[in-house]
Amino acid sequence: MVRIPLKQLLVENPQKVLVLDGGQGTELENRGIKVANPVWSTIPFINESFWSDESSDHRRIVKEMYNDFMRSGAEILMTITYQTSFKSVSENTPIKTMEAYDRLLSRIVDFSRQCIGDRNYLIGCIGPWGAHVCCEFTGNYGPRPENIDYYQYFKPQLDNFNTNDNLDLIGFETIPNIHEIKAILSWDEAVLSKPFYIGLSVHEHGTLRDGTTMKEVAQMIEDLGDKINPNFLLLGINCVSFNSSPDILSTLHEHLPDFPLLAYPNSGEIYDTEKKIWLSNTDKLNSWDTVVRRYINSGARIIGGCCRTTPKDIEEVAAAVRRYT
Ligand code: MET
Ligand SMILES: [Zn+2]
């Protein structure tokens, strides 16, 4: 294997900070793929022509996107599987059986690996339970979020990702609800046998979308003590406001000073759900240089961008990472 295992890399090189790619879903949209549908950025992979026609436009666009992120300096990249849970796929596409679903995931992962080569790290991206009902930015999981069967929801995607050697890390992203975090962290190595991280979905003022404070999240993790799954490698924030993200990460670091963190904020633009357009970040208080420097001072080991960040943003992230490590 050309790459050393990620866990080993993080432990043996305490100064190393990995540059992550940017928002794949919105970047595919920038490049002309229409992603407005219930499985969002999974859509290009659903059509059989993606797989049968080597020269398909969508295939070329995905490849070019990965190439551009790598050219910008990304060394860890994500599969485009945020909205690819068995539930979302089987309810909204012609792919209905577990067998066909499994094939879809393996094809996506193996194609992503081909695109990024053997040297770079690949994350198997998993969106939150709330993604299939679009509430990852409200955290409103109904009256009894503690009763949701998170395991049943994630199991098909996990079973596939756990066993695919092309993946180095599993990323649970944009998790807005404390009960969902508790569920994920209750799973042992039999359920989650690959290294994984959790990216929290947080408000600008710094609480989880459901109102839980970073201190409470940290306390919950501390309380797990030795019972914690050894594959839990990193905790962090993603798709959070660009401007407030350094403060939020620093709070997390204050409460979990020894835990490796990660951060990949969105561009700071706001999505207007009525007009269906992105409103520009008129109040961009920080530059990537400042944001990245502050992340690194707060223990971040993986840094990149989420929605609406582009290869240009990742170039700036990479330059700052070089400057401050
Ligand atoms: C809503 S956050 C989505 C993150 C995901 N990695 C993507 O850009 O495709
Ligand atoms: Zn995002």
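As the structure lists them, so they are numbered: ligands from 1, and atoms in each ligand from 1. Positions are given from 1 along the sequence.
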M78: numbered ligand 1 atoms lying under 4.0 Å from its heavy atoms: 6 (N)

Shortest protein heavy-atom distance from atom 5 (C) of ligand 1, along with the residue and atom involved: E173 OE1, 3.4 Å

Enumerated ligand 1 atoms positioned under 4.0 Å from heavy atoms of T174: 2 (S)

Atoms in ligand 1 with a heavy atom of G23 nearer than 4.0 Å: 8 (O)

C307 neighbourhood, listing ligand 1 atoms whose heavy-atom distance to it stays under 4.0 Å: 1 (C), 2 (S), 3 (C)

Contact check, side chains of L20 and M78, non-hydrogen atoms, under 4.5 Å: yes

Pair D68 + R31, salt bridge at N-O below 4.0 Å: yes

Protein heavy-atom partner closest to atom 7 (C) of ligand 1 - residue, atom, separation in Å: Q24 OE1, 3.0 Å

The Zn ion (ligand 2): angle it makes with SG (C307) and SG (C239), nearest 10 degrees: 110°

Carboxylate-amine/guanidinium contact E99 R103, below 4.0 Å: no

4.5 Å side-chain heavy-atom contact, E189 and P230: yes

Contacting atoms of ligand 1, where contact means under 4.0 angstrom from a heavy atom of G25: 7 (C), 8 (O), 9 (O)

Residues F242, W288; criterion ring-ring contact (aromatic ring centres under 6.0 Å, His included); working and verdict: CA-CA 9 Å; F242 183 82; W288 276 112; 4.8 Å; yes

Working for ring-ring contact (aromatic ring centres under 6.0 Å, His included), residues F154 and F172: CA-CA 10 Å; F154 288 117; F172 291 96; 5.5 Å; yes

